[in-house]
Protein chains: 2
Amino acid sequence: MPRSASTTDIFSAIAEPRRREILELLAKRGPHQVGSLVALLGLPQPAVSKHLGVLRAVGLVSVIKSGQHRVYRLEAEELKTVLDWTKAFEQYWGSQLDRIKQRAERESERRRSGGSHARGA
Amino acid sequence: MPRSASTTDIFSAIAEPRRREILELLAKRGPHQVGSLVALLGLPQPAVSKHLGVLRAVGLVSVIKSGQHRVYRLEAEELKTVLDWTKAFEQYWGSQLDRIKQRAERESERRRSGGSHARGA
DNA sequence: TTAAGATATTCTCATGAAAGAATATGTCAA
DNA sequence: TTGACATATTCTTTCATGAGAATATCTTAA
């Protein structure tokens with residue numbers, strides 16, 4: 001089975017450091033045309049266009065044709081998927097006390113649902 | 001320049017759906033030994049071991065040898081990097097009003113610092 | 001020591017993707 | 001229409017990676 005494509009999976013799309021850089025740029029400085037991004041990133045133009053293509057494919061950016069240029073704009077809401085996924089783990093770090101509470105919760109949950117799964121150590 | 005390695009970059013590590021699945025499992029059900037993960041995931045044992053190897057390389061899981069078994073435990077704090085990065089974008093979505101405010105902030109910031117960057121349309 | 005069980009490692013294969021160079025497409029101005 | 005500019009696409013090469021199969025390593029029990 002092939003890997004998940006970076007053109008369809010948002011997690012793969014943001015796995016590329018340069019694409020993250022592009023997103024940061026669009027966030028901090030608003031919409032930009034390709035040429036500006038090329039200048040700011042110091043990457044060859046085709047590289048930038050290709051990265052933008054991936055970001056567009058997953059909906060992380062949108063384009064508006066403005067005459068000769070194309071203006072790319074961040075579509076930040078798309079990152080909600082990632083934020084939500086990551087946020088769900090937030091409860092698993094923090095203080096030792098938190099962890100003890102969580103363990104107790106997990107275990108009572110397991111008892112309630114008749115758990116019988118192998119547990120470590 | 002080569003791609004960023006999934007063994008060093010946490011974003012690449014979580015780009016793999018099965019690795020995310022493993023993390024979710026370890027979160028929801030606590031530490032597990034490899035055999036349990038194999039059973040729960042329905043993947044061949046070497047595949048699981050390899051994914052665990054990647055997760056371990058970036059610090060997302062830790063291992064404790066327990067006799068014949070190895071117990072893998074989630075190290076959720078490592079996801080803080082991802083959470084923080086994603087959270088920084090949260091302000092860019094939401095209501096239209098929010099966006100208008102943000103734009104105003106960005107623009108006044110730009111004026112203040114003598115900005116002269118190309119802007120879209 | 002030997003055997004069995006649990007897990008990791010190695011190897012091969014196929015795929016996807018990024019970099020780089022070249023070129024195509026599209027748009028405006030003259 | 002022609003030419004200049006902005007951007008996208010194509011092609012090749014290189015490399016990382018995941019799957020799969022086989023095997024090695026380590027640990028405990030007999």
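Just so we're on the same page: letters track the sequence lines, and every chain starts at 1.
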Exercise for review: Could you please name the option among D:dT7, C:dA8, D:dA19 that lies closest to any side-chain atom of B:Val34?
Suggested key: C:dA8
Point to revise | Residue list, side-chain hydrogen bond (donor to acceptor under 3.5 Å, both in side chains) with B:Glu21, at least two apart or on another chain | key: none
**Study point:** Partners meeting side chain to side chain contact (heavy atoms under 4.5 Å, CB included) with B:Ile64 (sequence neighbours left out)
**Key:** none
Review point. Which nucleotide in the list D:dT7, D:dG18, C:dG20 gets nearest to the side chain of A:Pro44?
Key: C:dG20
Let me check something: any side-chain donor-acceptor pairs from residues 50-59 of chain A under 3.5 Å, sequence neighbours excluded? List them with distances.
from	atom 1	to	atom 2	distance (Å)
A:His51	ND1	A:Arg19	NH1	3.4

Revision key, fill the gap. The salt bridge (Lys or Arg N to Asp or Glu O under 4.0 Å) partners of B:Lys65 (sequence neighbours excluded) come to none
Practice item. Can you sort out the partners of B:Glu75 under side-chain hydrogen bond (donor to acceptor under 3.5 Å, both in side chains), two or more places apart, ordered by chain and number? Key: B:Ser62
**Study point:** Gap between atoms CG and P, on A:Leu43 and D:dA8 respectively (whole Å)
**Key:** 14 Å
Point to revise | N or O in side chain of A:Tyr72 less than 4.0 angstrom from D:dA8 OP1/OP2 | key: yes
Point to revise | Footprint string (nucleotides 22-30 of chain C, 5' to 3'): B base within contact, S backbone only, - free, heavy atoms under 4.0 Å | key: B----BS--
Check your understanding: Atom CG of A:Leu37 and atom P of D:dA8: how far apart are they, to the nearest Å?
Key -> 10 Å
Review point. Residues from residues 50-64 of chain B sitting under 4.0 Å of DNA chain D, heavy atoms only?
Key: B:Lys50, B:His51
Practice item. Could you tell me which residues satisfy side chain to side chain contact (heavy atoms under 4.5 Å, CB included) with B:Val82, sequence neighbours excluded, listed by chain and number? Key: A:Val82, A:Thr86, B:Ile10, B:Phe11, B:Ile14, B:Leu79, B:Thr86
Review point. For the side chain of B:His69, counting heavy atoms from C-beta on, which of D:dA8, D:dA19, C:dA6 is nearest?
Key: C:dA6
Practice item. Kindly write out the residues that satisfy side chain to side chain contact (heavy atoms under 4.5 Å, CB included) with A:Gln68, not counting sequence neighbours, or none if the list is empty. Key: none
Review point. Going by distance alone, is a donor N or O of one side chain under 3.5 Å from an acceptor N or O of the other, for A:Trp93 and B:Glu78?
Key: no
Practice item. Specify the separation, in whole Å, of atom CD of A:Glu16 and atom P of D:dT17. Key: 12 Å
